[in-house]
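Report on the structure given below.
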Amino acid sequence: MHSSQQLSVLVTGGSGYAGQFLVHALANAHKVHYTYGTRQLASAPSSAVAHKVDLATGEGLREAFEQTVFHAVVNCAAISQPGVCESAPEAARAVNVPNHLIDCILRQEQEKGVRAALIHFSTDQVYDGSHAMWKEDDQCGPVNVYGKSKLEAEQCIVSRLPEAFPVAILRSSIIYGPPPPEPVGRALFLQFVASAVRGAQPTTFFDDEWRSPVYVRDLERLVGRLITTAAEAAAGEARAAGAGPGGPADGPWRHRVFNAGGPERLSRADMARQVADALGCGHGAIASASAASINRGVASPADISMDVSRLAAELGFRTTPFREALREIFPPPAQGQ
Ligand SMILES: NC(=O)c1ccc[n+]([C@@H]2O[C@H](COP(=O)([O-])OP(=O)(O)OC[C@H]3O[C@@H](n4cnc5c(N)ncnc54)[C@H](OP(=O)(O)O)[C@@H]3O)[C@@H](O)[C@H]2O)c1
(Lines give C-alpha, C1' and ligand atoms only; values in the text may rest on other atoms or scores of the structure.)
Protein backbone atom coordinates (compact mmCIF):
# COMPACT_ATOMS: atom_id res chain seq x y z
CA MET A 1 0.00 0.00 0.00
CA HIS A 2 1.65 3.27 -1.11
CA SER A 3 0.55 6.78 -0.27
CA SER A 4 1.63 8.21 -3.64
CA GLN A 5 -0.58 5.97 -5.80
CA GLN A 6 -4.34 6.01 -6.05
CA LEU A 7 -5.59 3.48 -3.54
CA SER A 8 -8.25 0.89 -4.25
CA VAL A 9 -10.68 0.80 -1.35
CA LEU A 10 -13.47 -1.73 -0.85
CA VAL A 11 -16.47 -0.64 1.23
CA THR A 12 -18.48 -3.72 2.19
CA GLY A 13 -22.09 -2.85 3.00
CA GLY A 14 -21.77 0.21 0.76
CA SER A 15 -25.54 0.25 0.25
CA GLY A 16 -26.23 0.68 3.98
CA TYR A 17 -26.57 3.96 5.88
CA ALA A 18 -22.92 4.53 6.83
CA GLY A 19 -21.71 2.75 3.69
CA GLN A 20 -23.43 5.18 1.31
CA PHE A 21 -21.79 8.20 2.94
CA LEU A 22 -18.40 6.49 2.90
CA VAL A 23 -18.67 5.47 -0.76
CA HIS A 24 -19.33 9.09 -1.73
CA ALA A 25 -16.71 10.61 0.58
CA LEU A 26 -13.91 8.15 -0.22
CA ALA A 27 -14.52 8.36 -3.98
CA ASN A 28 -13.17 11.94 -3.86
CA ALA A 29 -9.68 10.59 -3.12
CA HIS A 30 -9.59 6.89 -3.97
CA LYS A 31 -10.80 4.28 -6.44
CA VAL A 32 -13.82 2.96 -4.56
CA HIS A 33 -15.48 -0.42 -4.91
CA TYR A 34 -18.48 -1.34 -2.80
CA THR A 35 -20.56 -4.39 -2.05
CA TYR A 36 -24.32 -4.63 -1.77
CA GLY A 37 -26.61 -7.50 -0.89
CA THR A 38 -29.97 -6.45 -2.29
CA ARG A 39 -29.71 -2.72 -3.11
CA GLN A 40 -27.33 -1.59 -5.86
CA LEU A 41 -26.87 2.18 -5.65
CA ALA A 42 -28.24 4.21 -8.54
CA SER A 43 -26.71 7.33 -6.95
CA ALA A 44 -23.13 6.05 -6.50
CA PRO A 45 -20.34 8.13 -8.06
CA SER A 46 -19.76 7.02 -11.66
CA SER A 47 -16.21 5.91 -10.79
CA ALA A 48 -17.42 3.50 -8.08
CA VAL A 49 -17.52 -0.22 -8.91
CA ALA A 50 -20.41 -2.28 -7.48
CA HIS A 51 -20.16 -5.94 -6.47
CA LYS A 52 -23.21 -8.00 -5.60
CA VAL A 53 -22.25 -10.36 -2.77
CA ASP A 54 -23.73 -12.68 -0.21
CA LEU A 55 -21.56 -12.23 2.86
CA ALA A 56 -23.12 -15.23 4.58
CA THR A 57 -21.57 -17.52 1.93
CA GLY A 58 -18.77 -15.35 0.49
CA GLU A 59 -20.38 -15.52 -2.97
CA GLY A 60 -19.33 -12.53 -5.08
CA LEU A 61 -16.67 -11.44 -2.60
CA ARG A 62 -14.03 -13.88 -3.85
CA GLU A 63 -14.65 -12.68 -7.41
CA ALA A 64 -14.22 -9.03 -6.34
CA PHE A 65 -10.82 -9.87 -4.80
CA GLU A 66 -9.80 -11.86 -7.89
CA GLN A 67 -10.49 -8.85 -10.14
CA THR A 68 -8.88 -6.13 -7.99
CA VAL A 69 -6.09 -5.65 -5.47
CA PHE A 70 -7.48 -3.73 -2.48
CA HIS A 71 -5.26 -1.54 -0.35
CA ALA A 72 -7.93 -0.97 2.27
CA VAL A 73 -11.23 -2.58 3.21
CA VAL A 74 -13.90 -0.76 5.20
CA ASN A 75 -16.33 -3.31 6.62
CA CYS A 76 -19.72 -1.68 7.13
CA ALA A 77 -21.78 -4.75 6.27
CA ALA A 78 -23.89 -6.22 9.03
CA ILE A 79 -27.30 -7.30 10.10
CA SER A 80 -27.45 -4.22 12.26
CA GLN A 81 -30.93 -4.29 13.79
CA PRO A 82 -30.86 -5.95 17.22
CA GLY A 83 -34.44 -7.24 16.88
CA VAL A 84 -33.66 -8.97 13.57
CA CYS A 85 -30.52 -10.55 15.07
CA GLU A 86 -32.48 -11.76 18.09
CA SER A 87 -35.00 -13.62 15.93
CA ALA A 88 -32.39 -15.10 13.54
CA PRO A 89 -29.15 -15.57 15.52
CA GLU A 90 -27.42 -17.90 13.05
CA ALA A 91 -28.19 -15.66 10.08
CA ALA A 92 -26.86 -12.67 12.06
CA ARG A 93 -23.68 -14.50 12.98
CA ALA A 94 -23.09 -15.63 9.39
CA VAL A 95 -23.01 -12.02 8.17
CA ASN A 96 -21.66 -10.19 11.20
CA VAL A 97 -18.64 -12.44 11.81
CA PRO A 98 -16.59 -11.67 8.68
CA ASN A 99 -14.87 -15.01 8.10
CA HIS A 100 -15.21 -14.86 4.30
CA LEU A 101 -13.78 -11.35 4.20
CA ILE A 102 -10.79 -12.40 6.30
CA ASP A 103 -10.25 -15.39 3.97
CA CYS A 104 -10.09 -12.98 1.01
CA ILE A 105 -7.74 -10.53 2.77
CA LEU A 106 -5.37 -13.35 3.75
CA ARG A 107 -5.46 -14.89 0.26
CA GLN A 108 -4.71 -11.50 -1.33
CA GLU A 109 -1.57 -11.15 0.77
CA GLN A 110 -0.42 -14.71 0.01
CA GLU A 111 -1.12 -14.59 -3.72
CA LYS A 112 -0.53 -10.92 -4.61
CA GLY A 113 1.72 -9.73 -1.80
CA VAL A 114 -0.54 -6.81 -0.83
CA ARG A 115 -1.60 -6.49 2.78
CA ALA A 116 -4.92 -4.64 2.92
CA ALA A 117 -5.65 -2.39 5.90
CA LEU A 118 -8.96 -3.32 7.55
CA ILE A 119 -11.26 -0.75 9.14
CA HIS A 120 -14.08 -2.67 10.76
CA PHE A 121 -17.30 -1.20 12.14
CA SER A 122 -18.20 -2.70 15.49
CA THR A 123 -20.66 -1.35 18.04
CA ASP A 124 -21.06 0.14 21.51
CA GLN A 125 -23.38 -2.82 22.16
CA VAL A 126 -20.36 -5.02 22.98
CA TYR A 127 -20.50 -3.31 26.42
CA ASP A 128 -22.99 -4.52 29.04
CA GLY A 129 -24.36 -1.10 29.98
CA SER A 130 -23.71 -1.31 33.71
CA HIS A 131 -21.80 1.97 34.01
CA ALA A 132 -21.06 5.20 32.16
CA MET A 133 -18.25 6.21 29.78
CA TRP A 134 -16.84 2.86 28.70
CA LYS A 135 -13.17 2.58 27.77
CA GLU A 136 -11.86 0.25 25.07
CA ASP A 137 -10.02 -1.98 27.57
CA ASP A 138 -13.06 -2.48 29.83
CA GLN A 139 -14.41 -6.02 29.99
CA CYS A 140 -17.05 -6.57 27.29
CA GLY A 141 -20.32 -8.38 28.03
CA PRO A 142 -22.94 -7.96 25.31
CA VAL A 143 -26.53 -8.48 26.45
CA ASN A 144 -28.13 -9.37 23.10
CA VAL A 145 -27.45 -11.48 20.00
CA TYR A 146 -26.41 -8.45 17.94
CA GLY A 147 -23.75 -7.41 20.47
CA LYS A 148 -22.55 -11.00 20.86
CA SER A 149 -22.16 -11.44 17.10
CA LYS A 150 -20.25 -8.15 16.84
CA LEU A 151 -17.93 -9.09 19.71
CA GLU A 152 -17.31 -12.45 18.05
CA ALA A 153 -16.50 -10.53 14.86
CA GLU A 154 -13.84 -8.49 16.69
CA GLN A 155 -12.34 -11.67 18.14
CA CYS A 156 -12.37 -13.38 14.73
CA ILE A 157 -10.53 -10.45 13.11
CA VAL A 158 -7.90 -10.14 15.83
CA SER A 159 -7.24 -13.87 16.02
CA ARG A 160 -7.15 -14.59 12.28
CA LEU A 161 -5.24 -11.58 10.92
CA PRO A 162 -1.56 -11.51 11.91
CA GLU A 163 -0.44 -8.45 13.88
CA ALA A 164 1.40 -7.04 10.87
CA PHE A 165 -1.98 -6.16 9.33
CA PRO A 166 -3.23 -2.64 10.07
CA VAL A 167 -6.60 -3.27 11.72
CA ALA A 168 -8.76 -0.55 13.26
CA ILE A 169 -11.92 -1.69 15.00
CA LEU A 170 -14.35 1.20 15.41
CA ARG A 171 -16.90 0.63 18.18
CA SER A 172 -19.56 2.95 16.83
CA SER A 173 -22.38 4.47 18.81
CA ILE A 174 -25.70 5.37 17.15
CA ILE A 175 -24.80 6.87 13.76
CA TYR A 176 -26.85 9.94 12.82
CA GLY A 177 -26.81 12.46 10.01
CA PRO A 178 -28.83 13.60 7.01
CA PRO A 179 -30.89 11.07 5.06
CA PRO A 180 -28.63 8.95 2.82
CA PRO A 181 -28.77 9.43 -0.96
CA GLU A 182 -30.96 6.30 -1.21
CA PRO A 183 -33.35 4.72 1.31
CA VAL A 184 -32.03 1.83 3.40
CA GLY A 185 -35.31 0.05 4.11
CA ARG A 186 -35.47 0.75 7.84
CA ALA A 187 -36.18 3.67 10.15
CA LEU A 188 -33.26 6.05 10.64
CA PHE A 189 -32.52 7.30 14.13
CA LEU A 190 -32.40 11.07 13.62
CA GLN A 191 -35.19 11.17 11.04
CA PHE A 192 -37.43 9.19 13.42
CA VAL A 193 -36.67 11.59 16.30
CA ALA A 194 -37.20 14.67 14.11
CA SER A 195 -40.57 13.43 12.93
CA ALA A 196 -41.62 12.45 16.49
CA VAL A 197 -40.74 15.78 18.12
CA ARG A 198 -42.71 17.65 15.43
CA GLY A 199 -45.71 15.32 15.91
CA ALA A 200 -49.08 16.19 17.38
CA GLN A 201 -49.04 13.17 19.72
CA PRO A 202 -46.37 12.64 22.41
CA THR A 203 -43.65 10.03 21.77
CA THR A 204 -41.86 8.27 24.61
CA PHE A 205 -38.10 8.76 24.90
CA PHE A 206 -36.13 6.90 27.56
CA ASP A 207 -34.44 9.06 30.15
CA ASP A 208 -32.34 6.19 31.57
CA GLU A 209 -30.68 4.81 28.43
CA TRP A 210 -27.46 6.64 27.56
CA ARG A 211 -25.46 6.69 24.35
CA SER A 212 -22.71 8.77 22.69
CA PRO A 213 -24.24 9.30 19.23
CA VAL A 214 -21.74 9.91 16.43
CA TYR A 215 -22.14 12.15 13.38
CA VAL A 216 -21.77 10.27 10.08
CA ARG A 217 -19.60 13.12 8.72
CA ASP A 218 -17.12 12.44 11.56
CA LEU A 219 -16.98 8.80 10.48
CA GLU A 220 -16.25 9.89 6.89
CA ARG A 221 -13.31 11.98 8.13
CA LEU A 222 -12.09 9.29 10.54
CA VAL A 223 -12.13 6.49 7.97
CA GLY A 224 -10.43 8.75 5.40
CA ARG A 225 -7.71 9.56 7.89
CA LEU A 226 -7.18 5.91 8.88
CA ILE A 227 -6.79 4.88 5.23
CA THR A 228 -4.26 7.65 4.61
CA THR A 229 -2.18 6.92 7.72
CA ALA A 230 -2.08 3.19 6.90
CA ALA A 231 -0.93 4.01 3.37
CA GLU A 232 1.81 6.34 4.66
CA ALA A 233 3.01 3.73 7.15
CA ALA A 234 3.09 1.05 4.45
CA ALA A 235 5.06 3.36 2.13
CA GLY A 236 7.54 4.02 4.96
CA GLU A 237 7.96 0.29 5.55
CA ALA A 238 8.57 -0.30 1.86
CA ARG A 239 11.25 2.43 1.82
CA ALA A 240 12.87 0.93 4.93
CA ALA A 241 12.91 -2.46 3.22
CA GLY A 242 14.99 -0.99 0.38
CA ALA A 243 12.26 -0.21 -2.12
CA GLY A 244 13.17 3.49 -2.13
CA PRO A 245 14.74 6.38 -0.22
CA GLY A 246 13.64 7.48 3.26
CA GLY A 247 13.06 5.80 6.59
CA PRO A 248 10.22 3.83 8.15
CA ALA A 249 7.00 5.65 8.97
CA ASP A 250 5.42 5.11 12.37
CA GLY A 251 3.01 2.17 12.37
CA PRO A 252 0.03 4.26 13.50
CA TRP A 253 -2.36 1.49 14.51
CA ARG A 254 -2.07 -2.27 14.48
CA HIS A 255 -5.00 -4.26 15.80
CA ARG A 256 -6.30 -1.21 17.61
CA VAL A 257 -9.81 -0.77 19.01
CA PHE A 258 -11.28 2.75 19.10
CA ASN A 259 -14.53 3.89 20.67
CA ALA A 260 -16.15 5.83 17.83
CA GLY A 261 -18.71 7.99 19.55
CA GLY A 262 -19.57 11.62 19.92
CA PRO A 263 -18.01 13.55 22.81
CA GLU A 264 -21.09 13.41 25.10
CA ARG A 265 -23.18 11.09 27.26
CA LEU A 266 -26.80 11.71 26.30
CA SER A 267 -30.03 9.99 27.24
CA ARG A 268 -32.54 9.40 24.46
CA ALA A 269 -34.74 12.11 26.05
CA ASP A 270 -31.72 14.52 25.99
CA MET A 271 -31.26 13.80 22.29
CA ALA A 272 -34.95 14.40 21.56
CA ARG A 273 -34.84 17.76 23.36
CA GLN A 274 -31.77 18.87 21.41
CA VAL A 275 -33.40 17.84 18.12
CA ALA A 276 -36.55 19.78 19.07
CA ASP A 277 -34.39 22.82 19.89
CA ALA A 278 -32.64 22.57 16.51
CA LEU A 279 -36.02 22.40 14.76
CA GLY A 280 -37.50 25.16 16.94
CA CYS A 281 -40.57 23.10 17.76
CA GLY A 282 -40.63 22.99 21.58
CA HIS A 283 -40.63 19.93 23.83
CA GLY A 284 -44.39 19.32 23.89
CA ALA A 285 -44.24 16.03 21.97
CA ILE A 286 -41.49 14.52 24.15
CA ALA A 287 -42.65 12.18 26.91
CA SER A 288 -39.84 10.88 29.13
CA ALA A 289 -40.05 7.38 30.60
CA SER A 290 -37.89 4.59 31.90
CA ALA A 291 -36.68 1.95 29.42
CA ALA A 292 -38.20 -0.63 31.77
CA SER A 293 -41.66 0.71 30.92
CA ILE A 294 -41.64 -0.83 27.42
CA ASN A 295 -40.88 -4.40 26.33
CA ARG A 296 -38.88 -4.18 23.09
CA GLY A 297 -38.42 -7.94 22.76
CA VAL A 298 -34.64 -7.61 22.88
CA ALA A 299 -32.39 -6.69 25.79
CA SER A 300 -30.86 -3.23 25.44
CA PRO A 301 -27.88 -2.11 27.54
CA ALA A 302 -28.73 0.83 29.82
CA ASP A 303 -25.59 2.94 29.69
CA ILE A 304 -23.12 2.43 26.86
CA SER A 305 -21.89 5.99 26.70
CA MET A 306 -18.24 5.91 25.69
CA ASP A 307 -15.00 7.63 26.58
CA VAL A 308 -13.58 8.65 23.18
CA SER A 309 -10.29 10.07 24.44
CA ARG A 310 -8.23 7.36 22.66
CA LEU A 311 -9.30 8.79 19.29
CA ALA A 312 -7.97 12.19 20.35
CA ALA A 313 -4.83 10.90 22.07
CA GLU A 314 -3.68 8.49 19.36
CA LEU A 315 -5.12 9.93 16.16
CA GLY A 316 -5.59 13.58 17.10
CA PHE A 317 -9.24 13.12 16.15
CA ARG A 318 -12.15 14.90 17.80
CA THR A 319 -15.83 14.21 17.18
CA THR A 320 -18.56 16.84 16.89
CA PRO A 321 -20.95 17.68 19.75
CA PHE A 322 -24.54 16.61 19.00
CA ARG A 323 -25.96 20.15 19.14
CA GLU A 324 -23.32 21.45 16.73
CA ALA A 325 -23.94 18.66 14.21
CA LEU A 326 -27.70 19.26 14.42
CA ARG A 327 -27.14 22.90 13.44
CA GLU A 328 -25.36 21.67 10.31
CA ILE A 329 -28.03 19.06 9.50
CA PHE A 330 -31.02 21.35 10.20
CA PRO A 331 -29.73 24.85 9.42
CA PRO A 332 -31.96 27.68 10.70
CA PRO A 333 -33.98 29.33 7.92
CA ALA A 334 -32.20 32.32 6.34
CA GLN A 335 -33.29 35.78 7.61
CA GLY A 336 -36.34 37.13 5.82
CA GLN A 337 -37.75 33.67 4.86
N1 LIG B 1 -26.43 2.60 12.27
C2 LIG B 1 -26.05 2.68 13.54
O3 LIG B 1 -26.58 3.49 14.31
C4 LIG B 1 -24.91 1.80 14.04
C5 LIG B 1 -24.56 1.90 15.39
C6 LIG B 1 -23.47 1.13 15.85
C7 LIG B 1 -22.78 0.31 14.98
N8 LIG B 1 -23.19 0.22 13.67
C9 LIG B 1 -22.42 -0.67 12.78
O10 LIG B 1 -21.96 0.13 11.71
C11 LIG B 1 -21.98 -0.63 10.50
C12 LIG B 1 -22.82 0.11 9.46
O13 LIG B 1 -24.15 0.22 9.96
P14 LIG B 1 -25.33 0.72 9.04
O15 LIG B 1 -26.37 1.30 9.92
O16 LIG B 1 -24.80 1.53 7.91
O17 LIG B 1 -25.89 -0.67 8.47
P18 LIG B 1 -27.14 -0.89 7.52
O19 LIG B 1 -27.70 0.41 7.04
O20 LIG B 1 -28.07 -1.84 8.21
O21 LIG B 1 -26.48 -1.62 6.24
C22 LIG B 1 -26.07 -2.95 6.30
C23 LIG B 1 -25.34 -3.31 5.03
O24 LIG B 1 -25.00 -4.70 5.10
C25 LIG B 1 -25.40 -5.32 3.88
N26 LIG B 1 -25.72 -6.73 4.12
C27 LIG B 1 -26.49 -7.26 5.09
N28 LIG B 1 -26.56 -8.61 4.94
C29 LIG B 1 -25.83 -8.91 3.84
C30 LIG B 1 -25.53 -10.12 3.16
N31 LIG B 1 -25.97 -11.32 3.57
N32 LIG B 1 -24.73 -10.06 2.06
C33 LIG B 1 -24.27 -8.87 1.61
N34 LIG B 1 -24.51 -7.70 2.22
C35 LIG B 1 -25.30 -7.72 3.31
C36 LIG B 1 -26.60 -4.53 3.40
O37 LIG B 1 -26.77 -4.73 1.99
P38 LIG B 1 -28.21 -4.49 1.24
O39 LIG B 1 -28.94 -3.41 1.99
O40 LIG B 1 -27.81 -4.11 -0.16
O41 LIG B 1 -28.93 -5.81 1.29
C42 LIG B 1 -26.15 -3.11 3.75
O43 LIG B 1 -25.28 -2.63 2.75
C44 LIG B 1 -22.50 -2.01 10.88
O45 LIG B 1 -21.40 -2.85 11.12
C46 LIG B 1 -23.25 -1.78 12.17
O47 LIG B 1 -23.24 -2.95 12.97
C48 LIG B 1 -24.23 0.95 13.20
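Both ligands and their constituent atoms are indexed starting at 1 by order of listing. All values reported here derive from a predicted model rather than from experimental measurement.
- Residues Phe121 and Leu22 meet the side-chain proximity criterion, which asks for heavy atoms closer than 4.5 Å.
- Considering backbone and side-chain N/O atoms, Ser15 comes within less than 3.5 Å of an N/O atom of ligand 1.
- The ligand atoms of ligand 1 that sit less than 4.0 angstrom from a heavy atom of Tyr36 are 40 (O).
- The shortest N/O to N/O separation between Val95 and ligand 1 does not fall below 3.5 Å.
- The option with the heavy atom closest to atom 11 (C) of ligand 1, from among Ala91, Cys76, Gly177, is Cys76.
- Counting protein heavy atoms only, atom 31 (N) of ligand 1 is closest to Asp54 OD1, 3.3 Å.
- Side-chain contact annotation: Asp207 with Ser267, donor-acceptor N/O pair under 3.5 Å absent.
- Under the 3.5 Å distance criterion, with hydrogens and angles disregarded, a donor-acceptor pair is assigned to the side chains of Thr320 and Asp218.
- Taking any N or O of Thr38, backbone or side chain, at least one lies under 3.5 Å from an N or O belonging to ligand 1.
- The protein non-hydrogen atom at the shortest distance from atom 21 (O) of ligand 1 is Gly16 CA, 3.2 Å.
- Ion pairing between Asp307 and Lys135 holds under the 4.0 Å rule for side-chain N and carboxylate O.
- Inclusion of Ala78 in the set of residues having an N or O under 3.5 Å from an N or O of ligand 1 is warranted.
- Looking at Tyr17 next to ligand 1, an N or O pair under 3.5 Å apart turns up.
- For Gly37, a nitrogen or oxygen atom sits less than 3.5 Å from a nitrogen or oxygen atom of ligand 1, counting backbone and side chain alike.
- Using a cutoff of 4.0 Å between basic side-chain nitrogens and carboxylate oxygens, Arg39 and Glu182 are not scored as salt-bridged.
- Atom 6 (C) of ligand 1 has Ser172 O, 3.2 Å as its closest protein atom, hydrogens excluded (heavy atom only).
- Between Arg265 and Asp303, the closest side-chain pair of non-hydrogen atoms falls below 4.5 Å.
- Annotation for ligand 1: atoms under 4.0 Å from non-hydrogen atoms of Ala18 are 16 (O).
- Taking a 4.0 Å cut-off on heavy atoms, Arg186 registers as neighbouring ligand 1.
- Nearest to atom 32 (N) of ligand 1 among the protein's heavy atoms is Leu55 N, 2.9 Å.
- Salt-bridge check for Arg93 with Glu152: passed, with a basic side-chain N closer than 4.0 Å to an acidic carboxylate O.
- With hydrogens and angles left out, the side-chain atoms of Gln125 and Asn144 include a donor and acceptor closer than 3.5 Å.
- The contact set between ligand 1 and Ser122, taken as ligand atoms under 4.0 Å from a residue heavy atom, comprises 7 (C), 9 (C).
- Using a 4.0 Å cut-off between a side-chain N of Lys or Arg and a carboxylate O of Asp or Glu, Glu209 and Arg268 qualify as a salt bridge.
- Side-chain contact check for Glu328 and Tyr215: at least one donor-acceptor pair (N or O, by modelled atom type) lies under 3.5 Å.
- At least one N/O-N/O distance between Ser80 and ligand 1 falls below 3.5 Å.
- Here the protein heavy atom with the shortest distance to atom 45 (O) of ligand 1 is Lys150 NZ, 2.7 Å.
- The shortest heavy-atom distance from Gly185 to ligand 1 is not under 4.0 Å.
- Side chains of Arg186 and Tyr17: no donor on one and acceptor on the other come within 3.5 Å.
- Neither the backbone nor the side chain of Gln40 has a heavy atom within less than 4.0 Å of ligand 1.
- Checking only distances, Ile175 does come within under 3.5 Å of ligand 1, N or O to N or O.
- The Val53 neighbourhood of ligand 1 comprises atoms 32 (N), 33 (C), with distances under 4.0 Å to a heavy atom of that residue.
- Residue, atom and distance of the protein heavy atom nearest to atom 23 (C) of ligand 1 are Gly13 CA, 3.9 Å.
- Cluster annotation: Leu266 and Val275 are assigned to the same hydrophobic cluster (Ile/Leu/Val/Met/Phe/Trp/Tyr, side-chain heavy-atom contacts under 4.5 Å, transitive).
- Assignment of Arg171 to the shell around ligand 1 is not supported, since no heavy atom sits closer than 4.0 Å.
- If you look at Tyr146 next to ligand 1, the close heavy atoms, those under 4.0 Å, all belong to the side chain.
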Could you walk me through whether Lys148 and Cys140 pass the side chain to side chain contact (heavy atoms under 4.5 Å, CB included) check?
CA-CA 10 Å; Lys148 285 177 187 155; Cys140 291; over 6 Å; no
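- Close to ligand 1: Ser173, with a non-hydrogen atom less than 4.0 angstrom away.
- Using a 4.5 Å heavy-atom cutoff, the side chains of Leu161 and His255 are in contact.
- Applying the 4.0 Å criterion to heavy atoms of Ile174 picks out, from ligand 1, the atoms 3 (O).
- Counting only heavy atoms from C-beta outward, the side chains of Thr203 and Ile286 never approach each other to under 4.5 Å.
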Take Asp137 and Arg310 through the salt bridge (Lys or Arg N to Asp or Glu O under 4.0 Å) test and state the conclusion after the steps.
CA-CA 11 Å; Asp137 294 334; Arg310 183 178 283 181; 3.2 Å; yes
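- Any N or O atom pair closer than 3.5 Å counts here, and Arg39 shares at least one such pair with ligand 1.
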